[in-house]
Amino acid sequence: MSKTDLEMGFEALRNGEFILVYDDDDREGEVDMIIASEFVRPKSIATMRDYAGGLICNCLAPEYCDAINLPFMTDIMQAATSKYPNLAELAPNDIPYDERSSFSIWVNHRNSFTGVTDHDRAMTIREMAIMLKEERYGDFGKTFRSPGHVCLLRGAEGLVKNRRGHTEIGLAMCEMAGVTPVCVVCEMMDSKTGRATSIEDAKKYADENGLVLLKGQDIIEKYLEE
């Protein structure tokens, strides 16, 4: 019996490989490269820089965010408005494809140098996943500094049950694959058009590189069955 695309996606994540995920025509309409953070190496960062080009973000499962007391960036801005009132005017209340943003803080590993090199970002991302996997929550501030060059995203409670962004879809894939629910997402961009890579071009890239391309809706439906 041949494996389904979802099964191949789970296997790819367990093997430390990339998967490609298209969210939805009615949402961002973008394809993201996704990889489980515990397997990220400098080459992984280089691949995303060269063949995706979007923002390289580290997504954390909501229970991990709660364990390290990680806020949304909007919460930080709101708390700071008494001293910096203009921040209130920046509230992301007009996002055309979503109700809110998943953005939290930006971090570097304390053993990094500038924090932006492939080596430094891979270390920051991988060590974050390992720390959370080992439940060393008290090491968060000892291990990382902020601001930095790796953006952390908070997964919504219930993941795709409550929000259907790449953050939640990637974390749901990790959970179903049985890997640590911390993953990197990076949007695929088209340098010729200045827009997101089309689903057709993403499929061509996937075919040429032996990668699995999944539809977000299929992942969501599978997760809701669990």
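- In this structure, Asn15 contributes its side chain and Glu11 its backbone to a donor-acceptor pair below 3.5 Å.
- Val179 belongs to a hydrophobic cluster whose other members, connected by ILVMFWY side-chain contacts under 4.5 Å either directly or through intermediates, are Phe39.
- The shortest distance between side-chain heavy atoms of Val182 and Cys174 does not fall below 4.5 Å.
- Here the straight-line distance linking atom SG of Cys186 with atom CG of Leu20 works out to 11.0 Å at 0.5 Å rounding.
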With a 3.5 Å cut-off and sequence neighbours excluded, list the donor-acceptor pairs that the side chains of residues 112-123 form with protein atoms.
from: Ser112; atom 1: OG; to: His109; atom 2: O; distance (Å): 2.6
from: Thr114; atom 1: OG1; to: Val116; atom 2: N; distance (Å): 3.3
from: Thr117; atom 1: OG1; to: Asp120; atom 2: N; distance (Å): 3.0
from: Asp118; atom 1: OD1; to: Arg49; atom 2: NE; distance (Å): 2.8
from: Asp118; atom 1: OD2; to: Arg49; atom 2: NH2; distance (Å): 2.9
from: Asp120; atom 1: OD2; to: Phe113; atom 2: N; distance (Å): 3.0
from: Asp120; atom 1: OD2; to: Thr114; atom 2: N; distance (Å): 3.4
from: Asp120; atom 1: OD2; to: Gly115; atom 2: N; distance (Å): 2.9
from: Arg121; atom 1: NE; to: Val116; atom 2: O; distance (Å): 3.1

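- The only option from Ile220, Leu224, Leu171 that meets the side-chain contact (heavy atoms from CB on, under 4.5 Å) definition with Leu159 turns out to be Leu171.
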What verdict does the side-chain contact (heavy atoms from CB on, under 4.5 Å) test give for Leu13 and Glu17, after you've listed the backbone C-alpha separation in whole Å, the side-chain angles of each residue and the deciding distance to 0.1 Å? CA-CA 5 Å; Leu13 287 175; Glu17 300 167 359; over 6 Å; no
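- Under the 3.5 Å distance criterion, the side-chain polar atoms of Glu187 are matched with a main-chain donor or acceptor of Leu55.
- Considering only heavy atoms from C-beta on, Ile45 stays 4.5 Å or farther from Val184 through its side chain.
- Partners of Arg195 under the salt bridge (Lys or Arg N to Asp or Glu O under 4.0 Å) rule, at least two apart in sequence or in another chain, do not exist in this structure.
- The local environment of CZ in Phe140 is crowded, with over 12 non-hydrogen atoms from other residues, nucleotides or ligands closer than 6.0 Å.
- Leu152 has its side chain out of reach of Trp106: every pair of non-hydrogen atoms, C-beta onward, lies at least 4.5 Å apart.
- Considering all non-hydrogen atoms of both residues, Gly155 and Thr167 come closest at CA-CG2, 3.9 Å.
- Distance alone, capped at 3.5 Å, places no donor-acceptor pair between the Ser146 side chain and the Val107 backbone.
- Side-chain atoms of Asn58 and Ser37 form a donor-acceptor pair, as typed in the model, at a separation below 3.5 Å.
- Between the CZ atom in Phe18 and the CD1 atom in Ile34 there is a gap of 10.5 Å [rounded to 0.5 Å].
- With hydrophobic clusters built from ILVMFWY side chains whose heavy atoms lie under 4.5 angstrom apart, Met77 shares a cluster with Leu70.
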Apply side-chain contact (heavy atoms from CB on, under 4.5 Å) to the pair Arg136 and Ile130, showing each step before the final yes or no. CA-CA 9 Å; Arg136 293 184 286 106; Ile130 293 172; 3.9 Å; yes
Step by step, would you call Tyr22 with Leu214 a side-chain contact (heavy atoms from CB on, under 4.5 Å)? CA-CA 6 Å; Tyr22 181 75; Leu214 299 170; over 6 Å; no
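- In this structure, the side chain of Thr81 does not engage the main chain of Leu87 through any donor-acceptor pair within 3.5 Å.
- For Glu7 (side chain) and Thr4 (main-chain N/O), a donor-acceptor pair under 3.5 Å exists by modelled atom type.
- Atom OG of Ser198 and atom CE of Met188 lie 9.5 Å apart (nearest 0.5 Å).
- Under the 4.5 Å side-chain heavy-atom criterion for grouping Ile, Leu, Val, Met, Phe, Trp and Tyr, Met189 is not connected to Ile56 through any hydrophobic cluster.
- Under the salt bridge (charged side-chain N to carboxylate O under 4.0 Å, His left out) criterion, the residue pairs touching residues 66-79 are Asp66-Arg154, with sequence neighbours excluded.
- With sequence neighbours excluded, the residues that form a salt bridge (Lys or Arg N to Asp or Glu O under 4.0 Å) with Glu38 are Lys133.
- At a threshold of 4.5 Å between non-hydrogen side-chain atoms, the residues Ser101 and Ile95 count as touching.
- Between atom CE of residue Met48 and atom CG of residue Asp32 there is a gap of 10.5 Å, rounded to the nearest 0.5 Å.
- Judged purely by atom type and a 3.5 angstrom limit, Asn108 uses its side chain to pair as donor or acceptor with the backbone of His149.
- Taking CE of Met8 as the start and CG of Asp5 as the end, the distance is 4.5 Å to the nearest 0.5 Å.
- For the pair Thr197 (side chain) and Ala202 (backbone), a donor-acceptor distance under 3.5 Å is absent.
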Carefully, step by step, assess Tyr137 and Leu132 under the rule side-chain contact (heavy atoms from CB on, under 4.5 Å). CA-CA 6 Å; Tyr137 306 130; Leu132 295 172; 3.9 Å; yes
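- Within the structure, side chain to side chain donor-acceptor pair (under 3.5 Å) contacts touching residues 205-217 (residues at least two apart or in different chains) are Lys203-Asp207, Gln217-Glu221.
- His166 contributes a side-chain N or O that, together with a main-chain N or O of Val21, makes up a donor-acceptor pair within less than 3.5 Å.
- Arg163 places no side-chain N or O within donor-acceptor distance of the main-chain N or O of Ala156, the cut-off being under 3.5 Å.
- A 4.5 Å side-chain heavy-atom check between Ser104 and Cys65 finds every atom pair outside the cut-off.
- Placement of Met176 and Leu6 within a single hydrophobic cluster is found when ILVMFWY residues are connected by side-chain heavy-atom separations under 4.5 Å, directly or transitively.
- Tyr64 and Phe72 fall into different hydrophobic clusters, where Ile, Leu, Val, Met, Phe, Trp and Tyr residues are linked whenever their side-chain heavy atoms come under 4.5 Å apart, directly or through other members.
- A single hydrophobic cluster is seen to contain both Ile199 and Met33, as judged by linkage of ILVMFWY side chains at heavy-atom distances under 4.5 Å, directly or through other members.
- At distances below 3.5 Å, not a single donor-acceptor pair connects side-chain atoms of Asp23 with backbone N or O atoms of Gly165.
- For the pair Leu213 and Val31, the minimum side-chain heavy-atom distance is below 4.5 Å.
- Between Glu175 and Tyr223, some side-chain heavy-atom pair lies under the 4.5 Å cut-off.
- Here the straight-line distance linking atom CZ of Arg126 with atom CE of Met131 works out to 14.0 Å at 0.5 Å rounding.
- Closest approach of Met173 to Gly9, counting heavy atoms only: CE-C, 3.9 Å.
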